[in-house]
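First the structure, which I've put down as structure tokens, then a few questions once you've had a look.
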4 protein chains.
Amino acid sequence: MPKSQPSELPSASIRERSIGGKTRSRSEKAHAAIFQAALGLLDEVGYAALSIEAIAERSGSAKTTIYRWWPSKAAVVLDAYIHTRARQIAVKSTGTLSDDLERFVAATCRALRETSAGPAMAALMAEAQNDPKIAQVFREKWIEGRRSVLKGILSDGLARGELSPAIDLEVLADCIYGPIWYRLLNQHGPLKDAFAKTLVRQVMAGAAPRVSG
Amino acid sequence: MPKSQPSELPSASIRERSIGGKTRSRSEKAHAAIFQAALGLLDEVGYAALSIEAIAERSGSAKTTIYRWWPSKAAVVLDAYIHTRARQIAVKSTGTLSDDLERFVAATCRALRETSAGPAMAALMAEAQNDPKIAQVFREKWIEGRRSVLKGILSDGLARGELSPAIDLEVLADCIYGPIWYRLLNQHGPLKDAFAKTLVRQVMAGAAPRVSG
Amino acid sequence: MPKSQPSELPSASIRERSIGGKTRSRSEKAHAAIFQAALGLLDEVGYAALSIEAIAERSGSAKTTIYRWWPSKAAVVLDAYIHTRARQIAVKSTGTLSDDLERFVAATCRALRETSAGPAMAALMAEAQNDPKIAQVFREKWIEGRRSVLKGILSDGLARGELSPAIDLEVLADCIYGPIWYRLLNQHGPLKDAFAKTLVRQVMAGAAPRVSG
Amino acid sequence: MPKSQPSELPSASIRERSIGGKTRSRSEKAHAAIFQAALGLLDEVGYAALSIEAIAERSGSAKTTIYRWWPSKAAVVLDAYIHTRARQIAVKSTGTLSDDLERFVAATCRALRETSAGPAMAALMAEAQNDPKIAQVFREKWIEGRRSVLKGILSDGLARGELSPAIDLEVLADCIYGPIWYRLLNQHGPLKDAFAKTLVRQVMAGAAPRVSG
DNA sequence: CTATAAGCGAGACGGTACGTCCCGTCTTAGA
DNA sequence: TCTAAGACGGGACGTACCGTCTCGCTTATAG
């Protein structure tokens with residue numbers, strides 16, 4: 001297989017083959033239609049009720065074509081998401097870690113709360129529990145991307161001395177993203193701005209009472 | 001099994017009808033067999049590969065009997081879990097909040113890491129994303145139970161003055177359980193004892209550097 | 001309902017037990033309700049869509065009660081028919097065989113054509129093909145009854161010299177009832193009065209041309 | 001099997017779609033296996049105990065394949081019968097109507113009595129009572145075929161002057177086939193050769209005594 | 001400037017599990 | 001003792017999708 005570079009999921013792609021160099025245009029049309037159909041159905045009926053047959057029908061593709069490129073509906077959806085909605089949540093630094101963090105968390109929560117990203121992320125995380133391959137790609141291609149943005153913010157803060165050098169950055173990132181995911185998936189509390197603010201302040205300040213002085 | 005009272009899922013049971021009334025004897029045998037089959041298969045083949053047909057076959061029940069009492073495989077599994085594995089993770093207080101918390105978190109991580117509870121919880125949380133009814137029961141009958149234990153520990157600490165009164169206990173609980181769930185589901189880091197220790201210390205102390213003075 | 005004697009299906013009844021002497025009234029009430037429900041449903045949804053569960057529900061009986069007395073839905077329906085719709089088609093003799101026959105056949109066709117007897121008979125005959133017990137009772141308790149009326153008419157004609165002594169009466173009866181059943185079941189032609197007249201005339205006169213002189 | 005033309009059930013087939021178009025090779029194998037399985041099971045367990053699941057299992061097909069082409073087990077069986085057992089009962093003319101008729105009736109009775117055709121025909125006629133679509137195809141594709149052979153014999157006799165011109169041929173055909181079906185379905189008398197002979201003679205000669213001369 | 005081979009649509013196929021209907025049996029409580 | 005009630009084990013139903021498999025058609029370059 002020639003497999004030039006045009007493929008965007010280089011190492012851990014779910015795609016089993018890259019798009020060949022020769023007949024690119026037909027492929028691309030079909031792939032675009034499949035992505036669009038997948039995301040449309042995802043919004044309309046939800047992930048659980050989504051089927052490859054439905055994607056094929058709506059996109060005007062043959063099931064064969066879908067199976068040629070993706071091994072499962074999760075792979076289609078994830079790939080569709082990565083290719084078409086891969087907007088990074090980027091926040092310009094204010095120069096203060098707490099503010100940067102709060103903006104980042106609030107923006108993340110807003111996206112999860114107000115767009116279809118919330119249910120989609122929840123569904124993909126759910127699917128990842130049943131399919132290790134999806135889990136891997138989801139983690140490496142989606143979660144890690146967002147996590148590295150967060151860790152960048154934290155690193156900047158550390159460099160500025162706004163973070164104790166003893167802090168484990170990985171665990172600190174877990175303390176930010178963990179509660180967000182927890183609320184997204186478990187729905188025991190809202191992902192509103194107040195939550196973002198409280199979360200960041202508490203994580204930064206700690207729970208223990210400040211020593212007097 | 002504690003199972004002392006006749007009715008174990010009083011308010012928010014997934015069961016659509018109570019076993020009340022006239023006939024009961026056969027029911028209990030069948031239900032016990034169904035629970036056992038469900039959990040056995042859950043351990044052996046995993047949640048995704050579990051089918052109601054397989055539960056029926058292994059338990060010697062008819063599919064109709066299962067469908068009479070539970071609307072989905074998720075409901076069977078969740079009910080089975082609640083009825084037969086409802087061991088609370090209880091930790092005797094050492095008198096110190098940090099120690100209590102660390103023990104609690106470590107015990108929780110150990111259970112998720114070393115028993116079948118980890119995959120089972122992940123699968124149930126995943127299923128909850130596709131089924132609001134399951135989500136509700138899972139949250140109310142399982143998650144909240146564990147969460148209230150944690151909040152009890154925190155409250156005790158608060159009473160002892162080991163916690164700043166300004167702290168939002170709900171968000172604090174999220175900062176404990178969130179990272180645990182996050183690692184359980186996303187698998188980006190281990191749930192080992194060191195993680196428990198770091199997590200608790202960081203959450204208690206906060207990330208910001210202590211003011212010298 | 002005439003229903004004077006306690007048991008109307010003495011020898012070849014489908015009923016597996018007779019109605020006991022002691023608790024007659026409850027039985028009778030239940031049976032009447034079951035018959036009524038069965039015939040009502042028969043008219044409403046047809047034989048194929050009829051179920052014992054539906055009869056039980058509509059009649060307010062328990063399935064157990066129905067199964068105690070009848071082995072199948074066919075047995076219930078047949079018994080119900082025999083008990084409540086056993087109107088004989090009796091024709092007063094005009095003194096002429098051809099006229100008697102024509103009246104009898106026309107009356108039979110009219111009943112099959114204009115009442116629910118047609119579909120019911122067809123359904124029972126159909127069921128008899130799948131259940132020898134039903135076949136036996138249907139034949140002995142229903143068909144033979146009507147057939148004996150016909151044979152009585154024929155015998156009277158024979159006694160009056162209106163029938164050739166060489167005629168096989170059984171086959172002659174088949175030549176009357178056969179075409180009627182054939183049209184009822186196969187629906188290739190109508191069961192109207194003209195058919196009755198032509199049938200009788202042709203059977204009586206024969207198909208071969210009369211020798212001239 | 002005659003089966004020369006590609007399409008055997010042109011107008012009133014039970015099949016809901018033709019096998020037309022692109023893919024065909026697999027289909028024929030599967031269909032043949034389904035027919036064979038259906039007829040084998042019909043002989044072995046009878047029509048009532050026949051299930052589509054059993055046909056699928058024995059034929060090595062999937063249930064879906066059967067349901068893709070036929071709407072019910074009756075349709076499968078009828079189609080199987082029409083395609084593989086469509087032997088006409090043809091009788092070479094002896095030049096005499098009575099003899100031709102007697103041979104035809106005797107051959108028909110023999111087939112119904114000695115082969116599996118008897119139970120099969122009875123079962124199909126029974127099923128036709130519950131399913132108008134089956135009724136139609138059974139009538140048009142099976143009954144009418146045989147009936148037209150009979151009417152051909154009668155027409156030939158009429159042309160030879162062996163039949164009174166006043167005779168209604170349809171009713172006459174009913175007088176032949178009606179008694180046969182009646183005995184087949186009601187089982188009140190045997191379908192042996194003597195019956196065939198008596199039936200034909202009586203129908204031809206008529207029941208009324210011959211005018212002296 | 002074809003030819004040719006890959007990708008494509010179409011859709012039948014064997015298959016799994018679904019959730020439902022109704023079966024006929026059973027157990028129970030009450031009249 | 002019989003009844004109403006209804007849970008039970010069971011068989012088959014007809015359906016939805018699965019993932020695989022031909023089958024011809026389309027089409028874009030390679031010869």
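On a predicted model such as this, the values are computed, not experimentally measured, just so you know. Chain letters run A, B, ... following the sequence lines, proteins first, then strands; residues in each count from 1.
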Practice prompt. Quickly work out the C:I66 CD1 to E:dC26 P distance and round it to whole Å.
Written response: 18 Å
Worksheet item: Under a 4.5 Å cut-off applied to non-hydrogen side-chain atoms, are B:I52 and B:W70 in contact?
Response: no
Worksheet item: In whole angstroms, how far is the P atom of F:dC2 from the CD1 atom of C:I34?
Response: 15 Å
Worksheet, complete the sentence: Quick note, C:K63 side chain, CB onward, closest among F:dA4, E:dG9, E:dT25 is E:dT25
Item to complete: Take B:K73 and D:S59, find for each the nucleotide of DNA chain E with the closest heavy atom, and name the residue whose nucleotide sits nearer the 5' end.
Response: D:S59
Worksheet item: Should C:W69 be listed as having a side-chain N or O under 4.0 Å from OP1 or OP2 of F:dC2?
Response: no
Worksheet item: A:Y67 OH to E:dA10 P: how many Å, rounded?
Response: 17 Å
Discussion item. I want to check something: taking the side chain as every heavy atom from C-beta on, are B:V76 and B:L50 in contact at a cut-off of under 4.5 Å?
Written reply: no
Practice prompt. Would you kindly give the CG-to-P distance between C:N130 and E:dC23, to the nearest whole Å?
Written response: 15 Å
Worksheet item: F:dA7 base to B:T64 side chain: any donor-acceptor pair below 3.5 Å?
Response: no
Item to complete: With the side chain counted from C-beta on, respond yes when D:Q129 and C:Q129 share a heavy-atom pair under 4.5 Å apart, and no when they do not.
Response: no
Practice prompt. Considering just the side-chain nitrogens and oxygens of C:R68, establish if one lies under 4.0 Å of OP1 or OP2 belonging to F:dT3.
Written response: yes
Fill in: Separation of F:dC8 C1' from B:E28 CD (nearest whole Å)
14 Å
Practice prompt. Ignoring backbone atoms, test whether D:T65 places a side-chain nitrogen or oxygen under 4.0 Å from the OP1 or OP2 oxygen of E:dG14.
Written response: yes
Discussion item. Classify the ring geometry of D:H31 against D:W69: parallel below 30°, tilted from 30° to 60°, perpendicular beyond 60°.
Written reply: perpendicular
Practice prompt. Please state whether the phosphate of E:dC13, meaning OP1 or OP2, lies under 4.0 angstrom from any side-chain nitrogen or oxygen of D:S61.
Written response: no
Item to complete: Determine yes or no for a side-chain-to-main-chain donor-acceptor pair under 3.5 angstrom, with A:K73 supplying the side chain and A:Y47 the backbone.
Response: yes
Item to complete: Give the rounded distance in Å between these two atoms: NZ of D:K29 and P of F:dC21.
Response: 14 Å
Item to complete: Return the value, rounded to whole Å, for the distance between atom CD1 of B:I55 and atom P of F:dG9.
Response: 14 Å
Response to the item:
Closest of F:dG9, E:dG9, F:dA4 to the A:A62 side chain is E:dG9
Worksheet item: Got a second to check how far D:K133's NZ is from D:L78's CG, nearest 0.5 Å?
Response: 12.5 Å
Worksheet entry | Atom-to-atom span, NE2 of D:H31 to C1' of E:dA12 - whole angstrom | 9 Å
Fill in: Student check: side-chain heavy atoms of D:K63 and D:R68 closer than 4.5 Å
no
Worksheet item: So which of residues 41-54 of chain C are in contact with DNA chain E, with a heavy-atom cut-off of under 4.0 Å?
Response: C:S51, C:I52, C:E53
